Amino acid sequence: HFPRHLKWQNNNVTFRILNYTPDLKKSDVDRAIRSALNVWSDVTPLTFKKLHKGNADIMISFGSKEHGDYNPFDGPNGLLAHAYPPGQGIGGDTHFDEDEHWTKDSSAYNLFVVAAHELGHALGMSHSTDVGALMYPIYSYTTGYPLSEDDIEGIQALYGPNPNSKKVKPRPDAPNKCDPTLSFDAATELRGETIIFKDRFYWRLHPQMPEPEQTLIKSTWPSIPNRVDAAYENPEKDRVIIFSGIRMWALNGYDLVDGYPKYIHKLGLPKTIRKIDAAVYIRDTGKTLLFTDEDYWSYDEATGTMDKGYPRSIEDDFPGMDDEVDAAVYHYGYLYFFHEHMQYEYSYNSRKVIRIMRTNSILNC
Amino acid sequence: LPVPSGDKDNRLLAEKYLRRFYGFPAGLQGKQQASGVFETKIKEMQKFFKLEVTGNLDDNTLELMKLARCGVPDIGEYN
C-alpha cells in the first residue's frame, strides 16, 4: 500500500478515458480498460462508472515525454506508464506512454496487462516484491487470471472482499526457495548455468551468482506452458529440451528453436506415456534417460532412437532409488535425483546412493 | 584513472533509476557522501528485487534496471 493506506472513501469510483492511442481501435482500448477495472472489481465491493465528460476520479490518458504532470515519460521501452494513488485532482489519474507500441497480444506491450497494473496503483496498491504478482514493477506478458494471492490480499486489505464474490483462482505466490518442503518440477544445465523449474517460475543458478535469480517462465518463453515436467541439456548439440505434457520444445541458449513443439512420442515413447517426470543426459554414454513413474527409458542421442529393452525399472537399475523422480541432473559421474524435498546423490561407478540432502540445498538453503 | 565511458553511462543510468524509483537525492553531494548514498540505494533496490545485496552496480542489477517497467516508485516518496 501507499503511505497512510491511501484509498477511495467511496466504493463507487468514476473513470474517464480522455484520449486514445492510434495503435489500437477505440473499442479495443475501451475493452482493455474495462477488463482491467473488472479484475479489481471482481474481488472487491468497488464499482466503476464511465464518464464521458467532466472530472472523474480516475482520468486515463496517453501522452509522451512531458505530458503535463512534470513526471515525463522516456520514449520507447523503459517507462511504460504510471498512475497516482487515490486522492483529489491528479489522484487516481493513469497515464500511458504513447511512445510505446500498445497491443492486444504479446507482440508488444499488452495494454490490458499494463492497465490492470496501473489501475492497481490508482486504487491504492503500491509495488509488490513477488515476481509473480500483477503489482510487480517489471513488465511481463501473462495469460490467464492476472491476480496472485499477494495482489488479492493487498486490495482486500483496503476495500474488503466482493460481497457477491465470483470464484476466482488466484495465482499462487512465487515459491520460496528456502521452504524446507520445496520440491522441483524439473532441472537442467544450460551452458554452464543450472535452471530449476518450479510452478510458473524458474531459478537460474550461475557459478558467479551466489543468489539464484527467480523469473516467470513466460516472461522468458511466452509460448512455453506455465509448467515444465522435465528438461535436459545435450551439450554436444548445444540444445536444451523442455518437456510439458506430451509436447517438447528445444532451446538454443535462451532462444526457442523453430519447428517446435513436437510430440514426445517422436522420441520413440509409446502413446500411453503422457508425461515425462525427469530427463537427464549422461555425457559419458551419450544417452538421455527419461523417467516416467517407476520406469525409465534410454534414448540414444547419436542415432535419435530409443534403446531396446526399455522401459526398465528405476528401482532395479538405481539401487536406493525406490520412488518416482521429479528432476535429475548429472555432474562428473554423479546423478542427482530430486524427489519431493530430498535429493539423492547417486554414484554411477559404485552404483549406489552415497549421499542424501535437502532438495533446496542446491539453492544455498 | 578516468572512468571508461561505458561505466560512466551505466552509472548515470543507475543514478537516474535510483532517483526515480528509490528516492536517490538529486544534485551533486560530497564525493564520499554520494558514493555512500548510492551504495545504500543500490542495496535497497537489490533487496526489493531479491537480487544479491552487494551495493555494487553488478551486471544483474544493471540488466534489471534496463527492463521495461512501471513508472511508479518502488518505495519511498511517491511524487
Side-chain angles (χ1 to χ4, degrees), chain A residues 1-4 6 69-74 76-85 87 90-91 94-97 100 108-109 113-114 117-118 120-122 124-131 134-141 174 176-177 203-204 206 208-215 219 364, chain B residues 3-28 35 37-79:
Chain A
H1 298 140
F2 290 105
R4 299 187 312 284
L6 293 171
D69 61 357
Y70 305 104
N71 197 358
F73 287 133
D74 57 351
N77 303 311
L79 301 178
L80 302 183
H82 56 220
Y84 293 86
I90 200 171
T94 299
H95 304 161
F96 297 93
D97 186 347
E100 312 301 345
Y109 295 113
V113 171
V114 177
H117 173 98
E118 296 305 331
H121 289 312
M125 298 282 278
S126 72
H127 281 151
S128 167
T129 61
D130 182 334
V131 74
L134 175 63
M135 294 314 294
Y136 188 69
I138 303 283
Y139 174 84
S140 81
Y141 176 69
N176 174 358
K177 67 182 175 67
W203 281 289
R204 181 180 160 224
H206 189 285
Q208 273 106 32
M209 279 193 329
E211 264 313 297
E213 190 182 274
Q214 189 178 43
T215 310
S219 69
N364 305 325
Chain B
V3 175
S5 71
D7 283 355
K8 196 157 168 244
D9 291 345
N10 290 336
R11 170 74 188 216
L12 289 175
L13 179 148
E15 284 186 3
K16 187 177 174 189
Y17 189 96
L18 295 171
R19 196 169 298 118
R20 174 172 286 269
F21 301 113
Y22 290 83
F24 182 66
L28 285 176
S35 67
V37 174
F38 183 77
E39 192 179 329
T40 303
K41 290 300 179 186
I42 285 273
K43 282 182 178 176
E44 281 182 19
M45 180 239 176
Q46 287 167 338
K47 185 162 176 274
F48 182 92
F49 283 105
K50 295 180 178 130
L51 296 171
E52 188 200 358
V53 179
T54 62
N56 299 325
L57 192 57
D58 54 58
D59 285 351
N60 277 336
T61 304
L62 195 57
E63 186 185 337
L64 200 135
M65 285 179 171
K66 292 175 179 174
L67 292 178
R69 59 160 290 158
C70 166
V72 173
D74 295 333
I75 56 174
E77 301 86 75
Y78 298 104
N79 53 15

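Throughout, protein chains are lettered first and strands after them, A, B, ... in sequence-line order, and every chain is numbered starting at 1. Source: prediction; values computed, not measured.
- For chain B, no part of A:Ser140 is nearby; none of its heavy atoms comes within less than 4.5 Å.
- Contact of A:Tyr109 with chain B is made through the side chain alone, with heavy-atom distances under 4.5 Å.
- Heavy atoms from other residues, nucleotides or ligands lying under 6.0 Å from NZ of B:Lys50 number more than 12.
- With a 4.5 Å cut-off on non-hydrogen atoms, A:Glu118 touches chain B through its side chain but not through its backbone.
- Considering only heavy atoms from C-beta on, A:Asp74 comes within 4.5 Å of A:Asp97 through its side chain.
- Considering only heavy atoms from C-beta on, B:Asn60 stays 4.5 Å or farther from B:Phe49 through its side chain.
- Neither the backbone nor the side chain of A:Pro76 has a heavy atom closer than 4.5 Å to any heavy atom of chain B.
- A:Phe73 and A:His82 have their aromatic ring centers within a separation under 6.0 angstrom.
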